[in-house]
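Below is one structure, written out as structure tokens, with a few remarks after it.
These numbers come from a predicted model, not from an experiment. Reckoned from all heavy atoms, side chains included, excluding hydrogens, waters and symmetry mates. To find a chain, count down the sequence lines: A is the first, B the second, and so on, and within it residues start at 1.
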Amino acid sequence: MGKLGICENPYGYVKDLIVETTSSYIAENLTKNLDEVKEVVKSFIEEPPRREFGDFSLPAPRLSRVFGLPLKQTIEGLINSLKKVALVDRIDEVNNYVNIYLNYSMLSELVFNSIREAGLNYGRPCFKKPKRVVVEYISANPVHPLHIGSGRNAVLGDFLYRLFKFVGYDVERRYYVNDVGLQTAFLAFGYSILNKPKPPINFKPDHYYGLIYAATSIIIEISKIRKKLKEAGMDELPKLSELQRDLDILLADLSRVKERIPKEVDKLMEEITREENPEGKVNEIMRNYERLDPNYNFVREVSEEVVKGIAETLDKLNVGIDVWDWESDVIRSGVLKEVLEKAKASPYYGYYKGVPALMFRDLLNDENIKTRLKIPKALEVPPLILMRSDGSTLYTTRDIAYTLIKFRNFNADEVINVIAVEQILSQAQLRLALYALGYVREAENLIHYSYEMVNLPGMSMSGRRAKYVTVDELLESMASKVKNVMKDRGVEVTEEQALKIARSAFKFMILSTSPSKTLVVDVGRALDLKQNSGPYMQYTYVRAKSILDKVDNHVDWNSIDYSKSVKEPVKTLIWELSKFPEVISKTLESLQPEGLATYLIKVADLYNNLYDAEPILKEVDKGYRELKLAVTYGVAVVLKNGMEVLGLDVLDRM
RNA sequence: GGGCCCGUAGCUCAGCCAGGAUAGAGCGCCGGCCUCCUAAGCCGGAUGUCGGGGGUUCAAAUCCCCCCGGGCCCGCCA
């Protein structure tokens, strides 16, 4: 059996071999173009639903119909051509399916030669010119701690980063700190009323200022409603009762915040109620800060404190950021000016609702542009307003400049924005705007990696109302749960290890769910580690690792008796191990984590079957023992690399 | 009103893009397994109108249309 190169994919190799062989037969018999035939066969070949039907299967009726070859002849031809392939052990036909059974002695040798050759690089593809990618993620407003919604963003973005790193791309991670805008102005307003307080000891700054932010925002809302109640006449009874209901909810929210920071809430209540127009004050802070007036630098000051807290949380999650970009710095940069100038010169420039805007109607008439910019066919995109009537810019306008900065600073081929699905429209506007201004390459290579919302059972989260479960809280509860489990088992556990298990459980919970599905996080459920497969993966790896340690990580490759590969569960395990490089390349193509997660669980399940069913180290048949050790090594490599891509901590013991 | 996404076992989810052979995991439930490589494990058992209805097809969880239910978006907010 020939050796495969270091970045080869044994599963893909075997599949191609079969496709090649059967396609040649068909092409020769029908004098058709070989490549075209291969294309078709490749899309038809499948894995049978059950192992007893073999490893690959060809649905003869479909091939027969597509190529116009009689069914009987198709079946016979396929079987005869496949007979010549050494790697094929036998072929049969059931229900017009041509089922292919591989020679596991040979397949096994092929797979383990790959794994042995590649070692810890198994699964890593080779690229002549690796891509340069920027991943912008999290970018939560610097006004409250990360809640589990931003947690989902962090985990997904971290997965993308690790995946790209694993396959050898150059990647840069960026966090866009939105310090310009209404939200930070709310916080800064409360912050200044309270005379710029420092967080009490043992209070993380993001948690503390998050409460001040929520209190300020709730109180302003309350004073607005009270004003409306006063103004409303008695003849508007339905409206009155609706306002009263809203008010009651806000008061309840406020009393929740007050439990945590009573003095601050009282003071805010007193001062804000006294204000004639508190919202005006907030707007004033926003405008002046955006104008970079140095007297308003306290906005940046308090934002930085919150960012410190967020960075600490990310550290606990083992999620990293290479560059922190401040929106106010984007304003300072010349790029925003460049964007505005280009906009004015653009044929798409116009006025919408009386203010400067980019009109997309003409662009959207071209279906081709929609396809190139990945904009859904039926999606109507309204004009993008570039400036307020006072001449200040809007978020998306600044985001055009920021996108250019990301491309330029890293000389990126591709920029990925990990942003919740709710921003799908503004992200489409962003791409259209880039295109309209002539930044075509950037427009086509800007990817909105979207994911669905995270909710709590029966309710959604809100930063403005301090209704959220923070990543810090959840991690801490999970870690203490881990410690309890370990204690029950009589095992010593360090804080650090408990955290590693906890965050891996958290990450796996998120990554095994498709990003396109709404995620409901039930904290009680998340704490039930039994229901979580993160620790299961870690545990399975530990089992394999502890066996390998006992043989000093040495597998006697030359003594392996490959003929023993036909026995289950070793057989299926080898089959699954062969797929890892294929799974990685599919993951790279789709950027979806759940397929990899499912695959790793399968490998772990099979290995646990083997582990329980038979002794490995004490196997008396030397050739079989070494085969099982090779399997153990393969499982360890696959689990380790897989967990690394998913961002789970790889532990040596637990 | 228009658009995007989701609906698969009691619960959490794979499978859908490239249609095929008895629809898969995990959790939970019931019953077993530690003088033996870490029992966060393993073995056995029960569990489904693939949201509903049409259509295309030899064949539909998968493709097309309609409907129902849930989420999100349609701002001189971000």
### Message
Assess whether a salt bridge exists between A:D329 and A:R300, defined as any Lys/Arg side-chain N lying under 4.0 Å from an Asp/Glu carboxylate O.
### Response
yes
### Message
Considering every strand and a 4.0 Å limit on heavy-atom distances, what is the contact class for A:Q538: base, sugar-phosphate, or nothing?
### Response
nothing
### Message
Quick check: any donor-acceptor pair below 3.5 Å linking the side-chain of A:T540 to the base of B:A40?
### Response
no
### Distance, C1' atom - from B:A25 to B:U47, rounded to whole angstrom
14 Å
### Summary
B/S/- along nucleotides 25-39 of chain B (protein heavy atoms under 4.0 Å) is --SS--------BBS
### Listed partners of A:Y451 passing ring-ring contact (aromatic ring centres under 6.0 Å, His included), at least two apart
none
#### Entry: P spacing across the pair B:U12 / B:U49, given as an integer number of angstrom
16 Å
### Heavy-atom pair with the smallest gap, counting every atom of A:T513 and A:L519
OG1-CD1, 3.8 Å
### Message
Quick check: A:Y541 with A:Y607 (ring centres under 6.0 Å apart)?
### Response
no
### Task
Determine, for A:E39 against A:K42, whether the closest basic-nitrogen to carboxylate-oxygen distance falls under 4.0 angstrom.
no
### Query
Expressed as a whole number of Å, how far does the C1' atom of B:A9 sit from that of B:G3?
33 Å
### Message
Could you check whether the side chain of A:S389 and the base of B:C76 have a donor-acceptor pair of N or O atoms closer than 3.5 Å, going by distance alone?
### Response
yes
### Query
What do the steps show when you test A:Y536 against A:D605 for side chain to side chain donor-acceptor pair (under 3.5 Å), and what is the final call?
CA-CA 9 Å; A:Y536 174 67; A:D605 284 346; 2.4 Å; yes
### Task
Between B:A61 and B:U8, how far apart are the P atoms? Round to whole Å, please.
15 Å
### Query
If we take the P atom in both B:C27 and B:C43, what is their distance in whole Å?
11 Å
### Task
Sticking with atom P, work out how far B:U56 lies from B:C64, rounded to a whole angstrom.
16 Å
### Task
Determine the interatomic distance between C1' on B:C65 and the same-named atom on B:C76; round to the nearest Å.
41 Å
### Query
Between B:A23 and B:C30, how far is it from one P atom to the other, in whole Å?
27 Å
### Query
Has the side chain of A:D488 got a donor or acceptor atom sitting under 3.5 Å from an opposite partner on the base of B:A40?
no
